[in-house]
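See below for the structure under consideration.
Treat the numbers as computed from the prediction; the structure is a model and nothing was measured. Residue numbers begin at 1 in each chain, while the letters A, B, ... track the order of the sequences.
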Amino acid sequence: MLNSKKDLTDIFNQLLKHFGPQHWWPVNDPASDLAPFEISVGAILTQNTNWKNVETALKNLKYENLLTPEKIDSLSEETLSSLIRPSGYFRVKTKRLKNYTKYLMKNYHGDVKASLAGDISEKRKELLQVNGIGPETADSILLYAGRRPTFVIDAYTKRVLIRHKIASDNLKYEEYQLLFHDTLLANGNSEVVKLFNEYHALFVACGKNYCRPKNPRCDQCPLKYNNTI
DNA sequence: ATCCAGATCG
DNA sequence: CGATCGGGAT
């Protein structure tokens with residue numbers, strides 16, 4: 001866990017050079033007030049699930065003009081689950097979406113932007129109170145929907161850090177997150193958001209293509225020269 | 001057959 | 001801790 005600022009900066013630069021910008025988070029109309037809500041719904045639907053399948057579910061909701069907190073909050077569970085079925089875990093995720101929209105309606109009258117403004121650690125705690133929103137989903141919502149500076153830790157990120165001996169395998173989510181916050185949070189807010197946004201997506205690209213659970217392609221990996229620490 | 005932009009429950 | 005949720009793309 002030493003030397004981590006240099007490590008993490010180098011890793012980002014090498015991944016960006018190799019993969020290029022990843023354009024997360026895809027949304028049809030970024031200027032719409034509902035864009036943050038669409039991103040949040042996507043963050044819940046994509047839990048342990050292919051993004052491709054999530055897109056189909058989002059398309060279903062959008063086609064029916066149901067992609068608002070009010071609509072989803074008032075939909076029957078039967079209707080909602082039939083629409084999001086392509087994203088898998090549809091019974092579980094139906095409840096999770098409704099838990100989230102209920103939270104938005106009760107506390108913010110459905111105003112997603114307002115729900116993500118203000119003290120970031122307070123907002124993070126609020127999101128974590130919603131059953132079905134864990135640390136990774138909460139941070140994805142804050143970062144991608146709210147443009148707030150919080151780093152998203154996922155299985156890919158952990159695997160890269162552990163294999164490069166930047167972190168041990170027994171840390172808690174927030175401890176992995178601190179590695180990034182402690183070393184990269186010193187810049188201006190919008191720069192940090194852009195960095196965190198891109199960095200997380202690059203870890204995913206690396207974890208899928210090279211740093212795989214089995215049969216990792218270390219010989220071809222864009223980070224192979226970071227192994228010499 | 002395998003695996004996915006995880007979280008909760010027992 | 002392990003078990004469970006799940007359709008769809010490859």
Side-chain angles (χ1 to χ4, degrees), chain A residues 12 15-16 19-28 35-61 77-103 124-148 150-162 169-177 180 193-217:
Chain A
F12 174 75
L15 290 177
L16 182 61
F19 291 105
Q22 298 296 297
H23 338 89
W24 280 25
W25 197 286
V27 47
N28 280 351
F37 183 65
E38 177 177 342
I39 293 169
S40 301
V41 170
I44 292 171
L45 293 181
T46 200
Q47 290 168 352
N48 199 39
T49 298
N50 293 300
W51 178 252
K52 191 75 180 172
N53 296 346
V54 175
E55 281 186 311
T56 307
L58 287 174
K59 212 170 296 180
N60 290 343
L61 292 170
E77 293 198 4
E78 292 78 9
T79 304
L80 182 54
S81 64
S82 72
L83 291 167
I84 67 169
R85 176 158 312 178
S87 67
Y89 301 153
F90 55 90
R91 281 178 283 264
V92 173
K93 286 174 179 176
T94 291
K95 298 217 183 279
R96 292 181 179 178
L97 282 182
K98 290 183 82 62
N99 291 341
Y100 178 55
T101 55
K102 183 170 50 178
Y103 154 78
R124 190 174 189 276
K125 283 181 196 167
E126 281 188 12
L127 287 170
L128 291 175
Q129 300 295 330
V130 179
N131 188 298
I133 297 184
E136 183 175 345
T137 305
D139 286 324
S140 292
I141 291 173
L142 285 164
L143 177 64
Y144 291 100
R147 301 178 185 283
R148 307 302 305 273
T150 187
F151 203 92
V152 179
I153 302 295
D154 61 3
Y156 302 108
T157 305
K158 288 182 198 170
R159 194 160 61 236
V160 173
L161 293 177
I162 291 166
D169 62 356
N170 57 354
L171 302 186
K172 291 185 289 193
Y173 182 98
E174 283 76 12
E175 297 179 311
Y176 288 105
Q177 189 177 51
F180 295 88
V193 167
K194 277 169 56 180
L195 174 65
F196 284 10
N197 180 324
E198 195 58 55
Y199 205 162
H200 168 61
L202 286 168
F203 270 126
V204 173
C206 183
K208 287 167 112 77
N209 294 292
Y210 297 98
C211 205
R212 308 181 291 197
K214 23 179 151 171
N215 308 111
R217 303 167 59 195

Name all residues meeting the side-chain hydrogen bond (donor to acceptor under 3.5 Å, both in side chains) criterion together with [X]; count only those two or more places apart in sequence or in a different chain, and write none if there are none.
{"X": "A/Asn53", "result": "none"}
{"X": "A/Tyr210", "result": "A/His18"}
{"X": "A/Ser40", "result": "A/Tyr100"}
{"X": "A/Ser140", "result": "none"}

Next on the checklist: Say we look at B/dG10 and C/dG6: how far apart would their P atoms be, to the nearest angstrom?
Outcome noted: 15 Å

Item to check | Between C/dA9 and B/dA7 - P atom distance, rounded Å | outcome: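 24 Å, rounded to whole Å.
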
Checklist entry - Does A/Lys93 place a side-chain N or O at less than 4.0 Å from the phosphate oxygens OP1/OP2 of B/dG6? => result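 For B/dG6, neither OP1 nor OP2 has a side-chain N or O of A/Lys93 closer than 4.0 Å.
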
Checklist entry - Does the separation of the ring centres of A/Phe151 and A/Tyr199 fall below 6.0 angstrom? => result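 Yes, close enough.
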
Checklist outcome for this item: At a 4.0 Å cut-off to heavy atoms of chain A, the contacted part of DNA chain C spans C/dC5 to C/dA9

Could you list the residues that satisfy side chain to side chain contact (heavy atoms under 4.5 Å, CB included) with [X], not counting sequence neighbours?
{"X": "A/Thr79", "value": "A/Leu75, A/Ser76, A/Leu83"}
{"X": "A/Arg148", "value": "A/Ile120, A/Leu142"}
{"X": "A/Lys208", "value": "A/Tyr156, A/Val204"}
{"X": "A/Asn131", "value": "A/Asn99"}

Heavy atoms within less than 4.0 Å of DNA chain B: which residues of [range] have one? Give them sorted by number.
{"range": "residues 193-203 of chain A", "result": "none"}
{"range": "residues 131-143 of chain A", "result": "A/Asn131, A/Gly132, A/Ile133, A/Gly134, A/Pro135, A/Glu136, A/Thr137"}
{"range": "residues 38-57 of chain A", "result": "A/Thr46, A/Gln47, A/Asn48, A/Thr49, A/Asn50, A/Trp51"}

Checklist entry - Does A/Arg91 come within less than 4.0 Å of A/Glu77, counting only side-chain N to carboxylate O? => result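 Looking at A/Glu77 together with A/Arg91, the answer is no, because their closest N to O distance does not fall below 4.0 Å.
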
